[in-house]
Amino acid sequence: MASAPNNDSQTSIQETKEYSLGPEDIPHLPANRIGGVAEKEYNIQPAIDTRTNTNAPAYGDFRAYFQQRKHKLAEQAEAKAAKGPKYSLIFSGVIFHINGYTQPSHYELKSLLIERGGKFLHYLSKTQVTHIIASNLTMTKEKEFRNYKVVRPEWVLDSIGAGKQLLWQKYRVVGQNNNNLARLPVEAHTEISDLYNSDAAEAAMTTAAHGGQLMTAAPAAIFVVDRFGEGLNREWVRRNLATEPDFIQRYYANSRLHHLSIWKAELKDYVAQLRQKYNKVKPNSSVHNDKQRVIMHVDFDCFFVSVSLLSHPLLKNKPVAVCHSHKQLEDCNSDLESNPFCQKGDTSQIASCNYVARSFGVKNGMFMSQALQLCPTMVVVPYCFDAYKRISLSFYKIITRIADETQAVSVDEALLDVTQAVRQEAYQGNAEFLARHIRELVFEATQCTVSVGIGHNILLARIATSKAKPNGVFALDANSFCNMDVSISNLPGVGHAVEDSLMNNGIKNISGLRNTTLQHLQTICGERTALTLYNFSRGIDNRVLESDRLRQAFGADIGWGVRLSNQNEAEGFVNRLVHEVCKSMVAAGRTGSLVSLKIKKRQEGQGKPGKFLGHGICDSLSKSGSLSQMTNDPAKISSVCIKLLQQMALNPLDIRAVGIQIQKLNNSDNTGNVGEMLLAKSKLSSHGKDIGDRDRQRVSSPLLPSASQVDIDVLNSLPESIQSKIRAAYRHMGSNIGFSSNKSEQKSLSPGSAYSKPPPLPEKPIARKIPVKGKSKRGRPRKLAFTTSKGGADRPKQNIVAAFHKLQSLDMIMPSQMDSEVWENLPTNIRRELAREYVKSKPPIAKPVPLKDSENPANATVVADKKQKQIEILGQPPMLLGKHELSDVRALVRAWIDSVETNGPFKEDIAEFGDYIDSLIKKRDLFKARSILSFFKARAQQSHSNVWMAAVDLVLNQANNACMAMYNAKLHV
Ligand SMILES: Nc1ccn([C@H]2C[C@H](O)[C@@H](COP(=O)(O)OP(=O)(O)OP(=O)(O)O)O2)c(=O)n1
Ligand SMILES: [Mg+2]
Ligand SMILES: [Mg+2]
């Protein structure tokens, strides 16, 4: 075995014995390794820090180095302090406020400015503020700030680099004269020639970033330093536009974010494959909530750097970063201080830096210019994407074989459930032994170190890893967690919006959170988020691992270099992108039946993007279309995509980013959901024809789930006319579907039966698009349920139902609980049929308890019944960005979520949306409020983003408060 990053277990056990909590608390974790450590000790040395006695080859005399370094820094600090202020006060007189997400972070910007004489305003006081720092602004903010000096964070960094306060105008986001700014020509060639005189902050860096391959091939010809007046290779730029045939491949080859997202998706499938290979069975879910669970979080230390250093072993003990920076073209031993990028603003982002660099204050994600100030001797090495992937695959092989369950988190990180694995004789029930074994095996296979966090749940394991790093193991229980000072923003799913809401209510840290009652939290951030935070703050986390969740979509997004001059070029680009996506689908043996095209369209009146050839500020558009069958054929998918593009009727010159997503995949865990399958199939009759002979062929295609996979509850919940057609379709295939809703009958189908193939993988309940609320009083299966009649709290809802009844003449009303996207894609006649059946199946409506006339939501019913009148009586309907039609508002919501899916929304946008819903409620248009909220919730759920779910909670909470105030009842969404 190669020398392993391991420790002598005996030694470490003795060392940490004094911190023991007792085995009765945590039976399967090594009791002598679990928390119970005084808070201050955490700050100095983790209770279980195997780093101290490690033989870790990667860090050698690391500890001694750190001690020396600390000493030296302290001396330097003292010397500087003795001399006077640490930095020249270039920002004195600047009173600044930071708006929205920024890179560097709020915290970093704040420190940089304050240290240099700036004054920070937490709450924006428009009379005091001199500068607002923002990377992007919402439309509302843009209007609001149009008379202020709004600057990009680069202004701060570049000013520091230049040693003086630079002119803010060059960094403006919007400004006094913004309206007069000449509209930048959109044609790519103009933009390119503009670049010759440009000071676009990221131009050189970005072009370099995306041209890594070319730089290697011919650095002298390609090197781009326009920013410093040395000229730009025009040919290079031309070659880097989306119109070039090999653009996508080169873009893919150089974009780290693209790699990270693809790897994440691929690793999910890879884990599922490996689990089959190793005959892993999902562990019994009954132990999910208790203290018997042992969860590990395993994460490589400075992954990209560690891997890149395998081919640069001599740099091991030097500060090193992986980054697309010109600096990597420099000789590592040259005088780096003289590098122009040390003095000018190199805004390329550090993907990963090693722990030596971190000891200087450098961090992952930092801009290179800032990092070089902190650590001028830092060496920059290039990306090695192939090696990262290769090493990641070896890692996943090892951990998936050992763990009971594995959830792929990212290329360098996984969550393991090892509850059973630790019971094996070799580990004697000691999780730490197992963690060491994993570290040894990974090191032996990859020559890189991983750190392991251990806990009874995902939250504890993750927090423990931050204590274990680098190159160590740390176990944490809930008690010890409660003694730690964990930042609220480190809790999973806490984004800016939630953090700000908590801050505004005086909840600044985790102990503040713990000291807040659940009820109070609920008023701040909604029921679900409140409960999650309430639990998290106490170290409680009931989430289960998702080891069997296959990837749900294939796709690609390109938001750089997209400059298209005509429709032909636009269609050609979409076509090439589809071909790229299909390649990976074919390789994975997956097919899909729904394709979405996302376009970012240059926003009217916007100047040139901050990033050369970037997408700048855009409107996001998205359109989906069904494929005529499950397919991964690029020609078929491309023709649907091109139709979608044509339907969008855009000026190709305005297209700034293109994304394609293929969903509703075969073999994915929604194939067992017959409701969804049936709806997908219904969509096939694209001209609204009934499911007849023409479709029977399709019904017998592999599109339909096998009879054994049909969820009878869901089938029974459909209108009878549709049920009978489905049953007929199965009869046509030579199979009968039972009428019983008894699940055990389905399972009892003989294993040899042609339709007895078990549904693939999922054991957790399948999310249903069409909810079933059990049986009606008469014992017959209920039709699609609109509401449960429970009495008091349902009063407003029943009135909405009444509104619905009255509106049935429109007969195209979507049942609010149905997935709106599916609904919109259904043929007209099926929609009508569902709507009619739906209405017929409603139980009689209970008489509402009379309320004061002015408060009676039934009035809303009457108003809703006479839409035109509503407008006359109540005046203009409430507007969201100038839109009021339901379909328009939905389109806005969809575009909103699509445009910032992963990062989550700006809090101002949430507030604006919340206010719009509020005004709907105040205008008594409960039907619309509910419908839009359901749509919002459904789309947010599809994004699988906790941040979006938190946004849903916030808006729902606000809506419910408004509803309670008006009707003394909640709005059921
Ligand atoms: N926004 C991001 C996040 C991650 N990565 C890459 C670089 C990292 O090396 C790798 C793993 O991410 P980690 O967050 O685990 O960071 P490191 O492994 O570099 O450091 P640590 O030791 O803190 O885990 O993914 C990236 O390029 N950009
Ligand atoms: Mg890592
Ligand atoms: Mg990681």
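Both counts, for ligands and for their atoms, begin at 1 and track the order of listing.
When heavy-atom distances to ligand 1 are checked against a 4.0 Å cut-off, Gln349 has no atom that comes that close, whether in backbone or side chain. Only the side chain of Leu260 comes within 4.0 Å of ligand 1, counting heavy atoms alone; its backbone N, CA, C and O stay farther away.
Looking at ligand 1, you won't find any N or O of Leu257 less than 3.5 Å from one of its N or O atoms.
Note that atom 22 (O) of ligand 1 has protein non-hydrogen atoms nearby, at separations under 4.0 angstrom.
Annotation: angle subtended at the Mg ion (ligand 3) by Glu413 OE1 and Asp412 OD1 is 110°, to 10°.
Residue Phe300 has at least one heavy-atom neighbour below 4.0 Å for each of these atoms of ligand 1: 18 (O), 21 (P), 22 (O), 24 (O). Against a heavy-atom cut-off of under 4.0 Å, Asn364 is close to the following atoms of ligand 1: 16 (O), 17 (P), 19 (O), 20 (O). Each of the following atoms of ligand 1 lies closer than 4.0 Å to a heavy atom of Arg256: 1 (N), 2 (C), 26 (C), 27 (O), 28 (N). Residue-ligand proximity, Asp301 to ligand 1, at heavy-atom distances under 4.0 Å covers atoms 22 (O).
Distance check for Lys469 against the Mg ion (ligand 2): none of its N/O/S atoms falls below 2.8 Å.
The heavy atom nearest to atom 18 (O) of ligand 1, considering only Tyr388, Trp263, Phe303, Tyr355, is found in Phe303. Considering only non-hydrogen atoms, atom 20 (O) of ligand 1 lies nearest to Arg358 out of Glu413, Lys469, Arg358. Of the candidates Val409, Asp412, Val411, it is Asp412 that places a heavy atom closest to atom 11 (C) of ligand 1.
Under a cutoff of 6.0 Å and an axis angle of 45°, Arg358 and Tyr355 form a cation-pi pair.
Ion pair Arg436/Glu432 flagged as a salt bridge, since at least one NZ, NE, NH1 or NH2 atom sits closer than 4.0 Å to an Asp/Glu carboxylate oxygen. Electrostatic pairing of Glu405 and Arg293 does not count as a salt bridge here, judged by no charged N lying under 4.0 Å from a carboxylate O.
Of the N and O atoms on the side chains of Asp477 and Ser480, at least one donor lies less than 3.5 Å from an acceptor on the other residue.
Take the N/O/S atoms of Asp299: the one nearest the Mg ion (ligand 3) is OD2.
Between Val409 and the options Lys264, Lys268, Arg462, a side chain to side chain contact (heavy atoms under 4.5 Å, CB included) holds for only Arg462.
Proximity of Cys302 to ligand 1 is established by a heavy-atom distance of less than 4.0 Å.
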